[in-house]
Amino acid sequence: MSRLDQVKRSLEAAGQAHVLRFWPELGEEQQEDFLEELLLLDLQRLREHCQAAAEAAAAPPCSLDRDMEPVPPEIIGSVKWSDPSSLSRWEDEGFLQISKSRVAVLLLAGGQGTRLGVPYPKGMFDVGLPSRKTLYQIQAERIRKVQQLADSRHGSSCTVPWYIMTSEFTLKPTQKFFKENRYFGLDPSNIILFEQRMVPAVTFDGKVIMEGKGKVAMAPDGNGGLYQALVDNKVLEDLARRSVDFLHVYCVDNILVKMADPVFIGFCVSRGADCGAKVIAKAHPAEPVGVVCRVRGVPQVVEYSEIPKETSELRGPNGELVYSAGNICNHFFTRTFLEDVAEMFMDQLKQHVAIKKVPFVDSSGNLVKPTKPNGIKMEKFVFDVFPFSKNFVVFEVVREDEFSPLKNADGADSDTPTAARNSLLSQHSRWVSSAGATLLDRDGTVIRPASCSSADQHPAECEISPLVSYFGEGLEQLLKGKRISTPFILDEKRVEEPQEQ
Ligand code: UTP
């Protein structure tokens, strides 16, 4: 039987014969490409996938209300509430592990960034900082700095490998961008790019959507596609070969991410955790972020939409929200835990339904851009492994120091490039003030430190290179007592002689 006949038969068996409707109209080359693409699809599971998608989309939203409870305080560490000596112990532990090259970072960068709407990977986005650095560059420089800090504490020469999960949309441009920028000073052999799987988008009645006459509409399988991708690309073997035991997993869009955060890593390691989540206190009950809690006794992230209003508004004795642990997609995993997930739990990962507008070709072969949602994309989420953890911990951090995600284009209410830029500049202004320097505006007027909050609409143009300071440390010796005119960029070249007035 020819390859085409095989594919035809599998598609018919899956109730998807329409996929080949326009086959006779395709040129020879198009047919060859299309056939290759179809052979890569998991045709055995296609029927199951389409049915599951249609059923899940039609199912009423579930409420986990009765089974939820907040995470108990004994598994929570907090930048705000834990005592300073514990925080400093955790930081020491984190740096020790980093210095031994036992820590890696793993970036989830396979998303399509549809809300931001740029035709290139989000990590390549420049939010308009004075330095014009992109998110990828900022992250790369933070890795370099955290390595340096660990080395200077322990006299080591450590490596924090950078694993980057991409997708069909982001792999090639990311590779090219890193190469063009000479890997931002990192050793290319310690940057490991790999690709997640794609799955077909499906109509509400369970039919694969065609985005062209010879092209199925495909989307990455969600950031929880990570676990399959770790296996597909032998990443777990690579981690073992490098003797990496701990991973810090994070999203591409958070401009304030603390790469390989020593405090978080140290907290998780000291507690013997196999899995951990960083959280921030929710700003208000209706803030649309997932909440880290327990459901039937096991840790889980419950999505905003799954929590009834009354539950989200519940308050404790001191007026604090009961369900306030907002998930910010900053996770800790041990390698052993990831190996267990790959071996035992992969098939148990939940599928989430995302209803989207998916452009398609109609039965006459015309391309239609739908005005309302017409398709289902099935996604897995990275946090859906929490229930498999044997020792799960939570670490609370301060929003304005660690979380400002880039999700939307400018003009939206929140999470825009301007908001991301402002939150970084405000943070750096706070660092400079805490280091004992005074910032001056263009007219020479003193900028009051009180106006450096993250909500500041017009923060001082003050940017500190991650190569100079990872999290505000080391600035006092450089800046104390100085009056600094803005715009001000403190990069490694200017460390010797910062601008002064
Ligand atoms: P988001 O859910 O914000 O999705 O991803 P997105 O693709 O960036 O943006 P929209 O929703 O299309 O506007 C959160 C993180 O998960 C990664 C993203 O790259 C981002 O770092 N992600 C998402 C993946 O790695 N793979 C996916 O399939 C989806």
Side-chain angles (χ1 to χ4, degrees), residues 77 79 87-109 123 131 133-164 178 181 183-192 239 242-252 254-270 276 278 328-335 395 397-398 401-404 424 427-428 431 463-475 477-478 490-492 495:
V79 164
L87 288 167
S88 134
R89 239 185 327 109
W90 295 331
E91 186 177 48
D92 290 346
E93 178 66 34
F95 272 124
L96 178 66
Q97 299 302 340
I98 292 170
S99 75
K100 292 179 175 172
S101 301
R102 293 180 76 195
V103 178
V105 284
L106 192 151
L107 165 60
L108 303 167
S131 67
K133 283 178 188 171
T134 58
L135 295 177
Y136 280 148
Q137 180 167 2
I138 296 169
Q139 293 169 21
E141 292 183 353
R142 288 191 187 138
I143 295 179
R144 285 173 60 191
K145 187 64 182 177
V146 85
Q147 291 177 161
Q148 244 177 48
L149 291 172
D151 287 345
S152 63
R153 281 179 175 230
H154 292 282
S156 51
S157 174
C158 70
T159 301
V160 175
W162 192 5
Y163 293 87
I164 305 181
F178 273 72
N181 287 283
Y183 304 91
F184 304 105
L186 287 163
D187 178 345
S189 69
N190 296 324
I191 303 179
I192 303 100
L239 288 165
R242 292 171 189 261
S243 306
V244 168
D245 292 321
F246 310 116
L247 265 107
H248 175 208
V249 175
Y250 70 100
C251 289
V252 71
N254 178 11
I255 197 166
L256 300 181
V257 63
K258 278 182 86 180
M259 307 286 295
D261 178 9
V263 189
F264 178 46
I265 303 278
F267 168 71
C268 295
V269 172
S270 307
K278 253 192 199 185
I328 57 169
C329 195
N330 248 275
H331 308 315
F332 167 91
F333 299 119
T334 60
R335 173 165 52 88
F395 193 64
V397 297
V398 175
D401 287 335
E402 299 206 29
F403 186 57
S404 179
L424 187 115
Q427 181 188 49
H428 291 190
W431 289 353
E463 185 183 352
I464 314 286
S465 164
L467 296 174
V468 175
S469 183
Y470 171 79
F471 200 62
E473 81 293 335
L475 295 177
Q477 71 214 56
L478 297 169
L490 183 60
D491 59 23
E492 67 286 18
V495 156

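Positions are given from 1 along the sequence.
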When you check the side-chain N and O atoms of [X] and [Y], is any donor under 3.5 Å from an acceptor?
X: Y470; Y: Q148; answer: no
X: H248; Y: N330; answer: yes
X: S270; Y: E93; answer: no
X: Q97; Y: K100; answer: no

Within-4.5 Å side-chain heavy-atom neighbours: [X] and [Y]:
X: N190; Y: R242; answer: yes
X: V244; Y: S101; answer: no
X: Y250; Y: L106; answer: no
X: M259; Y: Q147; answer: no

Do the side chain of [X] and the main chain of [Y] share a donor and acceptor less than 3.5 angstrom apart?
X: S465; Y: L467; result: yes
X: D187; Y: S189; result: yes
X: S469; Y: P466; result: no
X: D401; Y: Q427; result: no
X: E141; Y: F184; result: no

*Is there a side-chain contact (heavy atoms from CB on, under 4.5 Å) between D261 and E402 once you walk through the steps?*
CA-CA 10 Å; D261 178 9; E402 299 206 29; 4.2 Å; yes

*Do the numbers put K258 on top of the ring of F264, so that NZ or CZ is under 6.0 Å from the six-membered ring centre and no more than 45° off the axis?*
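The answer is no; the distance or angle limit is not met.
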
Nearest 0.5 Å please: distance from the [atom1] atom of [X] over to the [atom2] atom of [Y].
X: L256; Y: F471; atom1: CG; atom2: CZ; result: 8.5 Å
X: L475; Y: L490; atom1: CG; atom2: CG; result: 7.0 Å
X: N181; Y: T134; atom1: CG; atom2: OG1; result: 6.5 Å
X: N254; Y: C329; atom1: CG; atom2: SG; result: 9.0 Å
X: L424; Y: E463; atom1: CG; atom2: CD; result: 6.5 Å
X: T159; Y: I98; atom1: OG1; atom2: CD1; result: 12.0 Å

For residues [X] and [Y], report the shortest heavy-atom separation together with the two atoms involved.
X: V468; Y: D491; value: CG2-C, 3.4 Å
X: A260; Y: V103; value: CB-CG1, 4.2 Å
X: V263; Y: W90; value: O-CB, 3.6 Å
X: V252; Y: Q139; value: O-NE2, 3.2 Å
X: P262; Y: F95; value: CG-CZ, 3.5 Å
X: S99; Y: S156; value: CB-OG, 3.3 Å

*Indicate, with yes or no, if the rings of F178 and W162 have centres closer together than 6.0 Å.*
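Yes, the ring centres sit under 6.0 Å apart.
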
*Checking side-chain contact (heavy atoms from CB on, under 4.5 Å) for the pair Y136/I138: CA distance, chi angles, key distance, verdict?*
CA-CA 6 Å; Y136 280 148; I138 296 169; over 6 Å; no

*State which residues pass ring-ring contact (aromatic ring centres under 6.0 Å, His included) with F246; sequence neighbours excluded, sorted by chain then number.*
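Counting only residues at least two positions away or on another chain, F246 forms a ring-ring contact (aromatic ring centres under 6.0 Å, His included) with F332.
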
*Could you please spell out the steps behind the side-chain contact (heavy atoms from CB on, under 4.5 Å) verdict for H154 and L96?*
CA-CA 7 Å; H154 292 282; L96 178 66; 3.6 Å; yes

*salt bridge (Lys or Arg N to Asp or Glu O under 4.0 Å) evaluation trace for R153 with E91*: CA-CA 11 Å; R153 281 179 175 230; E91 186 177 48; 3.6 Å; yes

*With under 30° as parallel and over 60° as perpendicular, where do the rings of H331 and F333 fit, or are they tilted in between?*
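Answer is tilted, since the angle falls between 30° and 60°.
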
*List the steps, then state whether side-chain contact (heavy atoms from CB on, under 4.5 Å) holds for L247 with V105.*
CA-CA 6 Å; L247 265 107; V105 284; over 6 Å; no

